[in-house]
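See structure below.
Source: prediction; values computed, not measured. One-based numbering along the sequence shown.
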Amino acid sequence: MSFFRTVKFRLIGLGIVLIVVGVLVRQFVMLPAVRDRVHEVVADAQLSIAALVAQDLADSLQMRRTLIGELAATLPPALVREPAQLAAWLGERERLSPLFDRGLRVLRPDGEPVTGSPRAIAGDASSLSAVSGADWFHAALGAEGPVIGRPHRVGADGAAIIVMAAALRDGGGRVLGVLAGELRLDKGGFLDDLQQTRLGASGGFLVVSPADKLFVASNDPAMVLQPTPAPGVNPLLDRAMAGYRGTGMMVDAQGEQELAAIAAVPDSGWLVVARMPAADVSQPVAELRRLLWRNSFGTMIGLSLILLVVMPRLLRSLTDAARSIREMAEGRRELAPLAVTRQDEVGDLLLGFNRLVTRLHDKEQALLQTLKQLDQLAGTDALTGAWNRRQFYDVVAQEVERSRRYRHPLALILLDVDLFKGINDRHGHVRGDEVLQTVAGCIRSALRKPDSLTRWGGEEFLVLLPETDLASAAVLAERARACVAAHPIAGVGRVTASFGVAELGDAESRDEWIARADAALYRAKQGGRNRVEADHSVAGSTAEQDGLVKLAWHTSYQSGDAELDAEHRELFDEINALWALIVAERPIEEIRARIDALYRTMVHHFRDEERLLQRIGYPDLAAHVRMHEALTEKAEALIADFQRGGADFGALFSFLAHDMVAKHIVNQDRAYFPYLGAAVSDRLSA
């Protein structure tokens, strides 16, 4: 036996599959959950850091605003006209509170500088030149307290600065000038520590001014005082500019995703964004994933080696037993019980085998008897008692040969229980078997003695009809259809079947004939189910050439009374003539006239038949008369519907083909045939 078909290989494979499944579950279910949780924890931590940084930045700004306001309030107004003394005063304040790294300056109301502190004088004087149009200058002139200007660059070195200013007023509130303090934002400025701080390997902070749409500070010097991206480029930043505060994913200048936390800087309108590349956040999870892959691969190799060594020992008794049984089966060893050495599942298996060996001889005789019975039942379906395909194929070849030799018609009906799969699904297969048995019984009740029923497969049945043309087969199929529909099944309810009818063609093979019946059955299904569909594509030995389904007279319908049989044939002809008008879609008045004529013929026939039955002394005459009355009442109801404009041709054909012909003339009238024969014999003996 190949190793790949052994239990050892399957157990090893099962162990490997379980390891792989565990790895896949950890990799694709647990690790994503861990990654999401890590992102949540890091995001919460970043948000806390951003909030702390924002508060620290707010405190720093507030400290400087408070200082510039207090200096403006305490500066003696007389010093504005004494530049030297004013410079000394500013220098002393600058030394005591060095919060403005680019110094303090005083400007006149027209924007011209008066003087400044030593840092301001030593620095670039161009930073406060021509400030008459600056936003902070005008804001300071009109404000009661200190103001903060828009971040901007000045000087030859392009230093990024921000100006805080407050108006100088005399005792009467008149503006004498503006006191301004400058802060450098970039290198060496009050945001330098923030810009140098990193989060993770390459994360950091951004300070954004939504009102100015500028990056005030960044770990990337190239971004300082650059405009924020256009709307739509960075959706999270767009939300932050619109008022969102929290965490989320954003995209940096290089297009990489970052985990960002956004906090507001109080009293400034600025935002602090703490950002960290998503790859840095997920780095621990990635390391864990690689570790799991390595460990899982090692575990898989180790487990396989262990199982390869241990399994042969564990399964040795089972292997020995299998070899012994195989040798017995091949005749290389006498059939005998095997030694049981283990009290486990293998021991139970061997005990069962030994009991089987002891009973084998007794079962051999019973098996021979069963084989005989099976040979007898080989041609019968066990569930329904109908023929199976083997029996059908044996018989149909003879019937086809006889039909062609004597030019007799031969038809078949292929039927299928409608929606049978739904019955099995809803009620179970036991109920489904009951449905098949009931349907088979209904079909048998509609068949004649020479007809045969075959279970074709599943819920399909096939009826073989010797000496039967297409029209007669269609009538018989309609009778079987009505029988099935009229027998509800306990626990299931009403069941219907669809029928396909075909007559054997002159040059047609058996399979082509069955295929035409199957196609007709398919059309019946497509046409709404619970109906009979006849195939007219191939003409049979006695087929009509006009393409209509007609009621065909058969010698088996003859009663022996010439007058009575002539009336029956006349009814068949009248029904066929009416159906020809309906199929040809003749005017409704012409159809009504034909219906009236058929009604009169039917009533006349009933009266003649009743007189004949009375004459021969038929004992069930009263019941037969009641049948005639019921048929007459139903015919009158249909005629009344036609008079009112309700032309239900389906109901009409069902009444004529099923109730009148199939059920009454072909079936119920047969009950008095023996009495007609007895009456003829009495007349001859007299």
Side-chain angles (χ1 to χ4, degrees), residues 409 446 448 467-479 481-482 532 534 542 544 546 548-584 586 590-616 618 620-621 623-642 647-673 675-676:
R448 304 160 304 179
E467 304 288 341
T468 307
D469 58 14
L470 184 64
S472 300
V475 172
L476 193 147
E478 174 60 29
R479 185 168 64 194
R481 182 206 63 78
V532 176
T542 60
E544 294 291 336
D546 58 4
L548 296 177
V549 175
K550 294 185 177 181
L551 300 177
W553 179 262
H554 193 269
T555 56
S556 62
Y557 304 159
Q558 293 179 352
S559 65
D561 186 275
E563 181 179 356
L564 186 62
D565 291 337
E567 290 185 0
H568 282 166
R569 291 289 298 270
E570 182 181 5
L571 283 172
F572 272 54
D573 294 338
E574 289 278 354
I575 293 172
N576 287 332
L578 171 61
W579 193 245
L581 293 179
I582 293 173
V583 172
R586 301 296 298 169
E590 186 176 350
I591 294 174
R592 287 175 178 170
R594 177 62 66 179
I595 291 174
D596 292 338
L598 175 59
Y599 172 76
R600 290 191 295 271
T601 301
M602 180 188 73
V603 172
H604 177 75
H605 163 67
F606 287 167
R607 300 298 174 264
D608 290 345
E609 187 178 75
E610 289 167 7
R611 284 193 292 272
L612 173 63
L613 297 181
Q614 185 176 18
R615 187 169 63 250
I616 65 175
Y618 180 53
D620 291 332
L621 173 61
H624 209 79
V625 171
R626 287 194 295 272
M627 295 179 193
H628 288 169
E629 291 173 351
L631 290 171
T632 303
E633 290 176 0
K634 191 168 185 178
E636 290 172 352
L638 287 171
I639 293 173
D641 287 342
F642 269 75
D648 188 350
F649 296 124
L652 176 64
F653 183 77
S654 177
F655 168 74
L656 294 174
H658 177 258
D659 296 349
M660 181 68 182
V661 173
K663 188 176 180 181
H664 186 71
I665 295 178
V666 176
N667 189 9
Q668 293 167 343
D669 280 359
R670 289 176 179 272
Y672 62 72
F673 284 7
Y675 295 89
L676 289 174

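The shortest non-hydrogen separation linking Leu631 to Phe655 is O-CZ, 3.6 Å. What you find for Leu470 and Ala534 is that their closest heavy atoms are CD1-CB, 4.1 Å.
The distance from atom CD1 of Ile575 to atom CG of Leu652, rounded to the nearest 0.5 Å, is 9.0 Å. The distance from atom CG of Leu676 to atom CZ of Arg615, rounded to the nearest 0.5 Å, is 9.0 Å. A distance of 10.5 Å separates CG in Asp596 from OG1 in Thr601, rounded to the nearest 0.5 Å. Atom-to-atom distance recorded for Arg479:CZ and Asn667:CG is 6.0 Å, nearest 0.5 angstrom. We find the CG-CD distance between Asp608 and Glu563 to be 6.0 Å, quoted to the nearest 0.5 Å. Of the inter-residue distances, the one linking Leu613 atom CG with Tyr672 atom OH reads 6.0 Å to the nearest 0.5 angstrom.
Using a 4.5 Å cut-off on side-chain heavy atoms (C-beta onward), Lys663 and Met627 make no contact. A heavy-atom distance below 4.5 Å is found between the side chains of Val625 and Glu629.
Annotation: Gln668, atom CD; neighbour count of heavy atoms from other residues, nucleotides and ligands within 6.0 Å is above 12.
Separation of the His624 and His664 ring centroids falls under the 6.0 Å cut-off.
Under the 30°/60° scheme for interplanar angles, the aromatic rings of Phe606 and His628 are found to lie parallel.
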### Task
Check the pair Leu656, Leu578 against side chain to side chain contact (heavy atoms under 4.5 Å, CB included), reporting the backbone distance first and the verdict last.
CA-CA 10 Å; Leu656 294 174; Leu578 171 61; 3.7 Å; yes
### Query
When you look at Glu574 and Met602, which way does the side chain to side chain contact (heavy atoms under 4.5 Å, CB included) test go after all the steps?
CA-CA 10 Å; Glu574 289 278 354; Met602 180 188 73; over 6 Å; no
### Test log, rule side chain to side chain contact (heavy atoms under 4.5 Å, CB included), inputs His605 and Leu564
CA-CA 8 Å; His605 163 67; Leu564 186 62; 3.5 Å; yes
### Task
Under the side chain to side chain contact (heavy atoms under 4.5 Å, CB included) rule, what do Glu609 and His568 come out as? Steps first, then yes or no, please.
CA-CA 10 Å; Glu609 187 178 75; His568 282 166; 3.6 Å; yes
### Task
Check the pair Arg607 / Glu610 against salt bridge (charged side-chain N to carboxylate O under 4.0 Å, His left out), numbers first and verdict last.
CA-CA 5 Å; Arg607 300 298 174 264; Glu610 289 167 7; 3.8 Å; yes
